[in-house]
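Below: the structure, in structure tokens.
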Amino acid sequence: MSAPLVEVSSISRSYSMRSGMFGRSTAVHAVDAVSLSIPKGETLGLVGESGSGKSTTGRVVLGLEPPDRGEVCFGGKPMAAPGTQAWRAQRARMQMIFQDPLGALDRRLPVATQIREPLDIHGLGTPAEREDRARELLRAVELTPAHGARYPGALSGGQRQRIVLARALATKPDFLVCDEPVSALDVSIQAQVVNLLADLQAQLGLTLVFISHDLRVVRQISNIVAVMYLGRIVEIGSADDLFARPEHPYTQALVSASPAPGRRSASRIVLAGDPPNPAARPSGCAFHPRCPRAIARCASEVPTLSLVGGDRQVACHLVTGPQAETRDAA
Amino acid sequence: MAPLVSIEGLSVAFNGVPVLRGVDLALGKGEALGLVGESGSGKSVTWLAALGLLPRHAKISGSVRLDGREILGAPASELDQVRGGRVAMIFQDPASALNPVLTIRKQLCEALVLHRDLSGEAVKAEALRLLNLVGIPDATRRLSAYPHEFSGGQVQRIMIAMALAGNPDLLIADEPTTALDATIQAQILELLSTIRREMSMAMVLISHDLGVVAENCDRVAVMYAGRIVEQAPANQLFADPVHPYAQGLIGALPPLDGPRRRLTAIPGTVPDPAHMPDGCAFAPRCALAAEPCRLAVPTLAPIADDRTVACIRAEASRRALLGIAAE
């Protein structure tokens with residue numbers, strides 16, 4: 001395995017939230033002591049429900065927001081402070097793709113101009129070279145220069161997401177954070193974009209963070225997968241193995257909740273209760289109020305992420321060591 | 001057995017642009033039918049048209065019969081008995097379907113007064129029973145809460161309770177779990193299937209998620225560009241899809257286990273309803289399309305018991321799937 005391109009060491013990020021007009025403001029821990037290491041050219045998948053902190057993690061890793069605690073290293077160097085010259089230089093090497101391509105594009109500019117914009121901002125190449133690069137990028141995402149002359153409104157959802165991808169690739173980044181990039185697309189178009197992303201990653205040697213709630217898509221594209229619950233990583237391991245043999249009770253429920261053609265719902269684990277509220281984090285293991293196997297210890301003691309065999313790490317009091325017999329309960 | 005609902009040749013056009021081009025569909029009592037297809041394929045419009053919920057400028061033709069009675073174009077007084085009474089509908093975005101300034105009790109009781117012969121305390125008791133039925137904890141107290149005080153999954157449960165207020169024979173669930181998290185989706189689907197069993201209610205589950213439909217329905221109809229292209233029992237459709245579009249949809253779904261393979265994406269995009277290709281609407285994206293495909297629109301024809309497909313290359317497509325070179 002090559003050296004990690006991105007090294008995240010125990011980052012935390014909290015926001016303050018006030019409940020009601022006169023309520024006291026409380027700290028919401030969106031991300032709590034998350035550590036990740038992403039090898040060059042590989043994809044880390046981040047899964048979890050809304051409010052689990054996946055997007056915040058993506059934004060902190062990308063330097064869009066500073067962490068309250070902890071550090072992000074990119075290519076061996078710590079992220080520079082936002083707004084500085086060094087930060088701008090680093091930011092050109094990393095880009096982000098969001099879920100809603102229409103929201104990420106300017107409706108009043110032809111898309112080719114928008115693909116060129118990052119080159120203009122970072123002052124890369126002569127104007128003629130930028131034009132060429134924009135055309136080359138359009139080809140790379142399997143669109144024609146004719147598409148480039150159009151406005152976002154005249155393109156389909158899949159085509160718009162390709163434009164966003166082309167724009168993200170304009171500055172030749174090494175690192176891409178994709179936040180739910182295909183969630184808004186229809187299945188057949190989703191497959192086109194996933195294939196394209198995989199091809200581009202192979203051609204350009206991109207390192208990716210792929211954030212999604214869709215386990216199938218995450219497995220398809222990721223080498224390593226981290227499962228998040230209320231701002232913490234509860235399980236992390238290689239993609240195929242993690243989905244085939246989930247160890248954490250939450251991962252087991254997630255995998256079992258993912259509907260599959262040809263399977264009836266009889267064997268499904270249905271979790272009780274609502275998705276957790278980040279502002280009212282349960283004590284101990286945050287998952288314990290919904291966990292079908294919780295014991296007394298889970299309510300008082302926060303489990304730490306520890307190696308249970310292979311490259312798998314799990315944060316659960318009930319999963320210990322490589323010999324743990326944890327699956328029979330599932 | 002006479003079908004509960006039978007739709008024949010249902011067509012809808014908005015401003016002269018056809019969006020539904022002849023849909024035939026029948027649904028038995030207590031049956032769970034899945035309707036899948038991409039956005040714009042006409043899944044929702046089919047039922048909005050059938051229940052007279054489309055705006056006035058929509059041109060609708062064909063026939064929709066509920067227990068043998070024509071309801072398409074029926075007078076509003078008759079439709080008011082059907083909608084919310086015999087046929088109920090729940091939508092993707094439950095929060096916008098509830099009135100934010102009324103309590104849940106008010107909204108539930110309104111539905112009960114409209115569709116059930118109840119009054120006074122009996123209405124309130126029934127509202128409480130429904131809220132308990134859909135699994136809202138502490139229902140007695142929560143009846144006087146407002147919609148914003150509930151989570152997304154709970155709001156969808158309340159919508160289901162309201163839909164059940166009229167004791168419907170048919171529940172149309174239009175993407176009921178699309179806006180919900182995976183574990184909450186599992187809860188809602190489980191609730192729907194329990195209720196359906198207990199009340200022996202028929203259900204139409206509209207979804208873009210093939211997995212959701214496969215797990216929760218007896219029979220599945222696949223729609224493409226305003227038509228049904230394949231109809232089959234759920235297990236057969238997913239094990240052995242015949243229409244090239246159905247095959248494409250299933251091939252585009254990444255597997256959750258086993259070896260990873262490159263996804264078989266369907267090339268191109270859904271045709272613009274204003275510029276429909278001649279012949280089969282799927283032909284421009286179809287790997288098996290031949291000259292005759294572009295001449296006439298294929299009709300839905302039976303290929304086995306309880307299975308129909310609208311494709312003149314159905315045989316070839318089946319052989320291609322089995323790995324035998326077509327021709």
Side-chain angles (χ1 to χ4, degrees), chain A residues 47-52 142 155-159 182-196 198-199 213-222 239-240 243-245 250 253-266 268-277 290, chain B residues 36-41 135 137 150-154 177 179-187 189-191 193 207-216 220 234-235 237-239 241 245 248-270 272 285:
Chain A
V47 298
E49 294 178 280
S50 37
S52 62
E142 292 157 15
L155 296 171
S156 71
Q159 289 169 338
V182 296
S183 307
L185 305 176
D186 276 318
V187 188
S188 70
I189 309 299
Q190 180 177 305
Q192 293 174 5
V193 175
V194 167
N195 283 344
L196 176 67
D199 292 347
H213 67 282
D214 187 333
L215 302 189
R216 295 174 173 280
V217 176
V218 166
R219 189 187 101 112
Q220 181 70 22
I221 201 148
S222 305
D240 289 352
F243 289 130
R245 279 172 298 279
Y250 177 64
L254 264 190
V255 170
S256 126
S258 178
R263 189 184 67 174
R264 285 301 257 198
S265 48
R268 189 190 286 152
I269 307 169
V270 178
L271 287 180
D274 280 323
N277 177 1
R290 300 175 76 195
Chain B
V36 293
E38 294 177 273
S39 26
S41 60
F150 294 88
S151 67
Q154 285 181 327
T177 59
L180 303 175
D181 275 320
T183 58
I184 307 302
Q185 164 170 301
Q187 291 175 0
L189 291 172
E190 171 127 320
L191 173 68
S193 81
S207 181
H208 68 283
D209 189 327
L210 298 168
V212 165
V213 164
E215 278 190 14
N216 294 283
V220 178
N235 51 358
L237 181 76
F238 291 100
Y245 176 65
L249 272 187
I250 291 164
L253 199 66
L256 199 53
D257 44 29
R260 271 185 249 189
R261 54 171 173 79
R262 191 176 168 80
L263 303 179
T264 47
I266 305 173
T269 50
V270 176
D272 178 355
R285 302 176 74 187

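Numbers restart at 1 for each chain; the letters A, B, ... are given by sequence-line order, proteins then strands. On a predicted model such as this, the values are computed, not experimentally measured, just so you know.
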Checking [X] against chain A: side chain, backbone, both or neither under 4.5 Å from a heavy atom?
X: B/Pro259; result: backbone
X: B/Gln185; result: side chain
X: B/Thr183; result: both
X: B/Arg261; result: backbone

Is the backbone of [Y] close enough, under 3.5 Å, to the side chain of [X] for a donor and an acceptor to pair up by distance?
X: A/Ser256; Y: A/Ile269; value: yes
X: A/Arg290; Y: A/Leu271; value: no
X: A/Ser222; Y: A/Arg219; value: no
X: B/Glu38; Y: B/Leu249; value: no
X: B/Ser207; Y: B/Val212; value: no
X: B/Arg260; Y: B/Pro254; value: no

Output the option from [options] having the highest count of non-hydrogen pairs under 4.5 Å with chain A.
options: B/Asp257, B/Leu256, B/Ile184; result: B/Leu256
options: B/Ser39, B/Gly135, B/Gly152, B/Ala182; result: B/Ser39
options: B/Gly248, B/Pro255, B/Pro267, B/Gly153; result: B/Pro255

Chain B heavy atoms under 4.5 Å from [X]: which part of the residue, side chain, backbone, both or neither?
X: A/Ser156; answer: side chain
X: A/Val194; answer: side chain
X: A/Ile221; answer: backbone
X: A/Ala272; answer: backbone

In terms of heavy-atom pairs under 4.5 Å with chain B, which of A/Val218, A/Val270, A/Leu215, A/Asn195 leads? A/Asn195
For the candidates A/Asp240, A/Leu254, A/Val217, which exhibits the highest count of non-hydrogen atom pairs separated by less than 4.5 Å from chain B? A/Asp240
Side-chain touch B/Leu263/A/Gln220, heavy atoms, less than 4.5 angstrom: yes
Sequence neighbours excluded, which residues qualify as salt bridge (charged side-chain N to carboxylate O under 4.0 Å, His left out) partners of A/Asp199? B/Arg262
Restricting to non-hydrogen atoms, name the atom on B/Val270 and the atom on B/Arg285 that form the minimum distance, rounded to 0.1 Å. N-NH1, 3.5 Å
